[in-house]
Amino acid sequence: MRIKIFLSTLVLIIQSYQFTTAQEPVLMDGFPIIIHESTFLTAFKQGITIMDVTGDGNSELIFSISNKVFIYDYLGNPFPGWPYISEENEYFTNTPAVGDIDGDGAVEIVASSVALETYSDKVLALNLDGSIVENFPIMTLGGAGHLTLYDLDHDDDLEIIYGGIQLSPDTTWTINVFRGDGSLFPGWPVAGIYPGDFAIGDIDNDSQPEIVVSGWTNDAEHLWAFEADASLMAGFPVSMGYDFAGAGPPVLFDADGNGFLEIGLLFRDWVSYDGGLLAVFDYQGNILNGWPLTVDSCPVAGVSPVFCRLRSELLFSFGGMEPDNAYLTDYYGEIIPYWPVDMGDSNDIAVNYDQPTIGDIDNDGSVDFLFNLNMAVLDSNGIWRGRVNAYNYYGEELEYFPLMVPGGTFPGGISLGDIDNDGIVEMVFQTDYPTSGRPIQRIFVYKLTGVPYIEERFPWPMSCHDPQHTNNLNFRMPTSVNDGKTPNLPSAITLTNYPNPFNSSTVIEYAVEEKGEVQLEIYNLLGQRVSILVDDEVLTGKHSVRWNADRFSSGIYFSVLKTGDVKHTRRMVLLK
C-alpha cells in the first residue's frame, strides 16, 4: 500500500510540471460588494450560490441577507430587478436554491423566509426578472428549514423539498415536497419528524431518487430515507443514540462504484458538546465496518466527501469546535496522517459553520480543503479580520493562506468556480463586519491566478455541492441554460477551441451526448502526445478546459477527443 501511494504521489508530482504555478489570490475588480443591513442574520450554514442563470457563459452570485435576495453579475453589478425585498419582519434563512421548477426552460430562484413576530414562514419562488412565480409564495406556520430542489418524477422540472415546524394551532413537524405550481407532491407531507437537512439521490440503484433526512423525534436524532412517494425505505430510521444530534446535512457518494450510494452524517454530542461522531451507512441503513469514528472536536456543520487520487479511495473532510480542528479521514474510519489540523484560534472557540469546500486551488493536480471560521480577531490596526484556511492532503497550509479579510466569514461557506468564463478559478465568500450602527456585509471574489478551472478538479465546489443543494457527490447538472429558455444539452459530440491561432493559451470546448469515459489529449505535428487534459468519466453536456502552451514552441498541434468508439480531432496553431 505504501509503495502504491508513493508511486501515485510521484506521478502527480511529475504531472504537475505541465501546469502553471499558483500565485497570490487577487481581489477582482468590482469587489468587495458592500451591503449595509440592520441584522447579521444571513443564510445559516450555506454559502453563496454560483450559477450561470442566463446562458452567456458567465456566472451570477446568488445569496440572501436579512429580508432581501440578491443576484450580482461577475463584475459586481446588481442583476436587473434585484434585490427582491420581503417584509421588514421577515428574514431569509437559506441561501437560495436555483433550478427550473416549472418546466419553462428558465431557472427560478427558490428561498424560504420566516417572520420573527408570528413565526410564520413561506416558500418563495422568483423569476429571473425578480417577479414572483405564479402560485407562490406557499404560506405555512413554523420556522423555515432546509430547502432542496430535485426532479423526483423525471419530468424535467424540479420539485421543492422543504422542512418546516408548525406551531399553531398544534405543534407539528413536517417534511414537505411541492411541485413547481405550488401544489403538494403525492404522498406528502410527512409529519412527526423535526427536519434537519436533506440529501437527494438514487441510493438503492433502482433509477428512482430517494430523500435522505437527518431529523429529530421525541426520543433521538435519526437518519431517515424516503422514496419519492413518501414511503419509508426498509432499514430506516437509524440512530446513534439520544446523546447525539445530527451536525449538518447527510451526504451521498458511491465509494466503490457499484451504483449504490453510501450515506455519511456527522453527529455532535449535544448533551455535553464534548466531541462527536462521523458515521457511514449503506443504502439499507447498516453502519459500515470501521464506523463510527469518534473525534474530540464537536462538529457543527456537515462533512464533505471526495475521491482522492493520491490514495485511490474516498476521503471525508469536516471541521469542529473546542478545539477548532479540521479533520481528514479515509473511507475506513481512520484519520489521515498529519490531521487533525489546528485551524489557529488560540481560544479554541472558533467554529467552522459550513461544509468544507474541496478543489485543486494550488494547481498541483491534487485537491485541497478550504474552511471558514466564525471568529474574527483584531489586527494591529484595530481592524476585525476573519480568515479562510486552506490545506493540502498532507495537512500543510497552502501558500498565501490563511487569507485574512475584514469581518468574520460566519456564517456562509466558500464557493469556487469560473465566474467570468476566462478559464481561471475564482473564490467567493461573504463576511460580516461588526459596527456600532448597521453591520457591513461584504461579498469577496478573489481570482486564483495561475489555477485553471477544470470541472473535474473541483468535486465539492460550494455548500451542499451544487446550486440545487443535493449534498450528492455523484450529482451533476448542466452548468448553464441557453438564453434562459432551453436546456444547454448537446445534440452531437463536438470539439472546438478559441482563439485559433493562439498565443500562449487557448480554451478547448467539447460536448458529449452520453455520460462516459473521455480522453482529451494534445499531439504535436510528429504525432507525439505532449499533454493530457482530461482522462476521466464525464457527464452529458458541454465542457471546457484551458490548454496553457507557454512551454511549447510555435507550430501546429492537434487536440484529440476520444469517447467510446468516437474520435474527434481539432487542428490548432500556436503562434508566439
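- Taking D202 as the reference, nothing meets the side chain to side chain donor-acceptor pair (under 3.5 Å) condition, with sequence neighbours excluded.
- Residues that satisfy the ring pair (Phe, Tyr, Trp, His ring centres under 6.0 Å) test with F185, not counting sequence neighbours, are absent from this structure.
- Under the side-chain contact (heavy atoms from CB on, under 4.5 Å) criterion, P137 pairs with K122, L124, I132, M139, not counting sequence neighbours.
- Partners of F281 by ring pair (Phe, Tyr, Trp, His ring centres under 6.0 Å), not counting sequence neighbours: none found.
- For E60, the salt bridge (Lys or Arg N to Asp or Glu O under 4.0 Å) test picks out no residue, with sequence neighbours left out.
- Every residue two or more places apart in sequence or in another chain that forms a side-chain contact (heavy atoms from CB on, under 4.5 Å) with M462 is listed here: I50, S415, P467.
- When the side chain to side chain donor-acceptor pair (under 3.5 Å) test is applied to D229, the partners found at least two apart in sequence or on another chain are S231.
- By the side chain to side chain donor-acceptor pair (under 3.5 Å) test, D102 pairs with no residue at all, sequence neighbours left out.
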Acceptor/donor pairs from residues 252-260 side chains to any protein atom, 3.5 angstrom cut, sequence neighbours excluded:
residue	atom	partner	partner atom	Å
D254	OD1	G257	N	3.0
D254	OD1	N258	N	3.3
D254	OD2	N258	N	3.4
D254	OD2	G259	N	2.9
D256	OD1	N258	N	3.4
D256	OD1	N258	ND2	3.4
D256	OD2	N258	ND2	3.4
N258	OD1	F260	N	3.0

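- With sequence neighbours left out, the side chain to side chain donor-acceptor pair (under 3.5 Å) criterion links D243 to no other residue.
- When the ring pair (Phe, Tyr, Trp, His ring centres under 6.0 Å) test is applied to Y331, no partner is found at least two apart in sequence or on another chain.
- For Y332, the ring pair (Phe, Tyr, Trp, His ring centres under 6.0 Å) test picks out no residue, with sequence neighbours left out.
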